[in-house]
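Notes follow the structure.
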Amino acid sequence: MGKILRTQKLTTLSELLIVLVVIGGILGAIYFISPGIKTSISKKLEGIDVNKADVNNVVNADKIALPAKDESSEVSSKPKIRIAGYAWNAQSGIIVANGGPVTTKGSLMEKNNVNLEIIRQDWLSELRNMQMKFIEEYDQGEAFPQSDKSVFAVMIMGDGAPFYISSVQKSLDEKYGKDKYHLQVMGALGMSYGEDKLIGPPAWKSNPKSMKGALISTVLGDGDWVTTVNYCFANGLKVNPDPTTYDEDAVNFFPSENDDYMKAAEELIKSQTTGWTVSLKGVKEGKLTGKTVSRKIDGCATWTPGDKVVFDKLSGFVDIVSTKEFNNQMPVALIGVKEWATKNPDMVSNILKASLTASNQMKNYDDWRMRAAEAVTATYKIENADYWYKMFQGQQGTKNGLTYNMGGSKVFNYADAMQYFGITDGVNRYKSVYNQVSNYLTELNPFGFNENVGGVVPYDNAVNLFFLKNINDIESTAPEKVDYTEEKKEVMASGEWKINFKTGSADISSSSTTELEKIYNLLIQAENTKLNIVGHTDNQGDDATNNMLSKSRAQAVVNYLKQRGIPQTRFQIVDGKGETDPVATNDTEAGRAQNRRVVITLLN
């Protein structure tokens, strides 16, 4: 062996080890340079993991007897109140409070003297017609409109409220005169927690920038669309506001047939399985290119069971982001007629009280969750109790090595509702959602919002918390609290924000207030995430100064967010990298402006 290595100083064992190392090095080199040999390590995506603590955060409420299934005779003589809503699991609390579609014996609605009928209606246009019918009958003198087709209130996604309330208000003003009747959000009853989502190839999750140029089918203006737009902006991606054009530098949307979330799923399947394409006018930098682009649908924004349809039919698709990550985005908003409610304040407060009390029981006791699933089945008349029970807590599936998530909802007890509106801690989560979506409506103008509706009803006119605050004598323990003590490692989104500072200073320019407000609203919607904030500069000045300046600018952003209510414990890293990580040339003023930036990373 020594002769082989041309030395007599090495022992046989040493020579053997050297040979093994050399052979290992040669094989390693072959592995890394030879196509077809190297392969990526399979990874399992993080699941939705709506565990017991997520849906069962209260532990000491007194047990209340479950409602019977027989219709109540105690409240049958009282005027019937009707509320309509989608087939949506997050409404479980109000439904089990009623015992089912009508008020049952021993239910919390009965105990609060409410005779309620809950009607399933999956079309937003029909929900609007039913509420308009109620107002029509009320305007004609009916103190308690009784038509089967009229409802006092609807339950829809709270992030859809800016569009719904604003569009109905326009019709009310035109029909009855300005400001005679109003719709208002009167409470929040629960939350989508993973049910609404963006579906696409796994690369969109591991590298969100790869979404650039994608075409996504969705219901424009719907909560699924909002989730996707939030994800784009949090990752610094452009959004093409015009669904008739295609911009290869932005994320593009295709409006689904009949504004149907199921169609969004079916359009993705059709495109992927048959090669069906959509013809769009090419656009670049806001100008038409004169070319027509044919594109397949690359992903869809939908909600359960639209996601189930996709995962059943297609391989290679996963949930990219959902209302689990943007956990405050989509509450169940109870939107009622203001003028009727102010004449019947106790009735409205009692509906909320019964619902929030039932939700508190659901958080404590599994038999209440099972009874809720039965009541939901009876109300929606689809699937069975086992389906709704499992869907409420979220489910996982695996297909060809990829894990996807379905479902996931929460219900609010009284403490949750009070906290959500910032009544107890000063952080009004719903106001952030409402204002953010209002900006999307006016800036992106989906379905011609600016031309057809004209303007958004301001938050203070659209939300009325009197009826929530008017609730007395209700059992509810602590609200959910986010735990920021653990280090977060998974990147949910990372965006580069151009926040302007005074030259050579960490003072934020007033021109950046709007941008900071968008960031704040995004962070409030994604309240479960922790944050890394890193500042960058251009190459003007020496390294040491730039390094210190970049860190000071990152800290200035942190200070702004802290004074708005973002807790210090949420900031995991606050740092500056000076001029060391440019994203553009420093040879031009335009390039240097791009390099002066703050990168905010949201971590799960």
Side-chain angles (χ1 to χ4, degrees), residues 48 50-59 61-72 83-112 114 116-120 155 187-195 303-305 330-334 350-395 406-417 474-477 480:
I48 192 166
V50 183
N51 57 35
K52 195 173 182 180
D54 287 321
V55 298
N56 185 24
N57 70 320
V58 186
V59 294
D62 292 337
K63 179 76 176 292
I64 298 174
L66 293 169
K69 297 180 181 178
D70 301 327
E71 187 168 356
S72 168
I83 295 176
Y86 296 118
W88 185 11
N89 229 353
Q91 299 164 169
S92 298
I94 187 173
I95 292 174
V96 74
N98 204 39
V102 297
T103 304
T104 67
K105 293 179 180 178
S107 68
L108 284 158
M109 289 295 174
E110 180 190 69
K111 293 176 181 175
N112 284 279
V114 177
L116 177 66
E117 181 178 0
I118 299 174
I119 301 170
R120 173 191 171 188
M155 296 180 289
L189 304 172
M191 188 78 73
S192 170
Y193 195 62
E195 197 171 12
W303 57 291
T304 305
M330 194 182 294
V332 177
L334 183 71
N350 284 342
I351 291 172
L352 291 170
K353 178 181 178 180
S355 303
L356 299 172
T357 301
S359 296
N360 203 43
Q361 292 293 303
M362 288 180 66
K363 286 169 172 283
N364 276 274
Y365 303 108
D366 195 53
D367 58 349
W368 266 87
R369 292 193 285 274
M370 294 176 68
R371 180 67 183 87
E374 293 174 351
V376 164
T377 305
T379 304
Y380 298 155
K381 296 182 173 58
I382 53 172
E383 302 294 348
N384 55 42
D386 184 60
Y387 170 90
W388 291 109
Y389 177 79
K390 291 178 179 176
M391 193 62 71
F392 181 81
Q393 299 181 84
Q395 295 184 79
M406 292 193 300
S409 303
K410 290 187 176 184
V411 288
F412 279 174
N413 63 19
Y414 186 63
D416 292 327
I474 183 172
E475 182 178 34
S476 178
T477 48
E480 290 195 28

Could you tell me whether the side chain of Ile118 reaches within less than 4.5 Å of the side chain of Met155, counting heavy atoms only? yes
Any donor-acceptor N/O pair, Arg371 side chain to Val96 backbone, under 3.5 Å: no
What heavy-atom pair brings Val411 and Ser359 nearest, and what distance separates the two atoms? CB-OG, 3.5 Å
Ser355 vs Leu352 side-chain heavy atoms within contact, under 4.5 Å: no
What residues, two or more places apart in sequence or in another chain, satisfy ring pair (Phe, Tyr, Trp, His ring centres under 6.0 Å) together with Tyr380? Trp388
Residues in side-chain contact (heavy atoms from CB on, under 4.5 Å) contact with Lys63, at least two apart in sequence or another chain: Gln361, Tyr365, Asp367, Trp368
Would you say the side chain of Tyr193 lies within less than 4.5 Å of the side chain of Asn89, judging by non-hydrogen atoms? no
Can you tell me how far apart CH2 (Trp88) and CE (Met330) are? Round to the nearest 0.5 Å. 6.0 Å
Looking at Glu71 and Val102, would you say the former's side chain and the latter's main chain have a donor-acceptor pair under 3.5 Å? no
For a 4.5 angstrom cut-off between non-hydrogen side-chain atoms, does Glu480 reach Lys410? yes
Is there a side-chain contact between Ile351 and Ile83, using heavy atoms and a 4.5 Å cut-off? yes
Write down the atom of Ala90, the atom of Ser192, and the distance for their closest heavy-atom approach. CB-N, 4.2 Å
For Ala358 and Gly93, the nearest pair of non-hydrogen atoms, with its separation, is CB-O, 3.5 Å
To the nearest 0.5 angstrom, please state how far the CG atom of Leu189 sits from the CD1 atom of Ile95. 10.0 Å
pair Thr379-Asn98: side-chain heavy atoms closer than 4.5 Å: no
Between CG of Leu356 and CG of Asp416, what distance do you get to the nearest 0.5 Å? 8.5 Å
How far does NZ of Lys390 sit from CD of Glu383, to the nearest 0.5 angstrom? 11.5 Å
Could you check if a side-chain atom of Ser92 sits within less than 4.5 angstrom of a side-chain atom of Phe392, using non-hydrogen atoms only? yes
Is there side-chain contact between Val114 and Leu108, with heavy atoms separated by less than 4.5 Å? no
CZ of Arg369 to OH of Tyr389, rounded to nearest 0.5 Å, is 5.5 Å
Would Thr357 and Asn360 count as having a side-chain donor-acceptor pair, cut-off 3.5 Å? no
Stepwise side chain to side chain contact (heavy atoms under 4.5 Å, CB included) check, Glu110 with Thr104: CA-CA 7 Å; Glu110 180 190 69; Thr104 67; over 6 Å; no
Checking Glu117 now: which residues fulfil salt bridge (Lys or Arg N to Asp or Glu O under 4.0 Å) with it, not counting sequence neighbours? Arg82
Over all atoms of both residues, closest heavy-atom pair of Thr103 and Ser107: CG2-OG, 3.4 Å
Considering all heavy atoms of both residues, which atom of Ser409 and which atom of Glu195 are nearest to each other, and what is their separation? OG-OE1, 3.4 Å
Nearest atoms (heavy-atom pairs only) where Ala385 meets Ala373: O-CB, 3.3 Å
Measure from the side-chain N and O atoms of Thr304 to the backbone N and O of Met406, and report whether any donor-acceptor pair falls under 3.5 Å. no
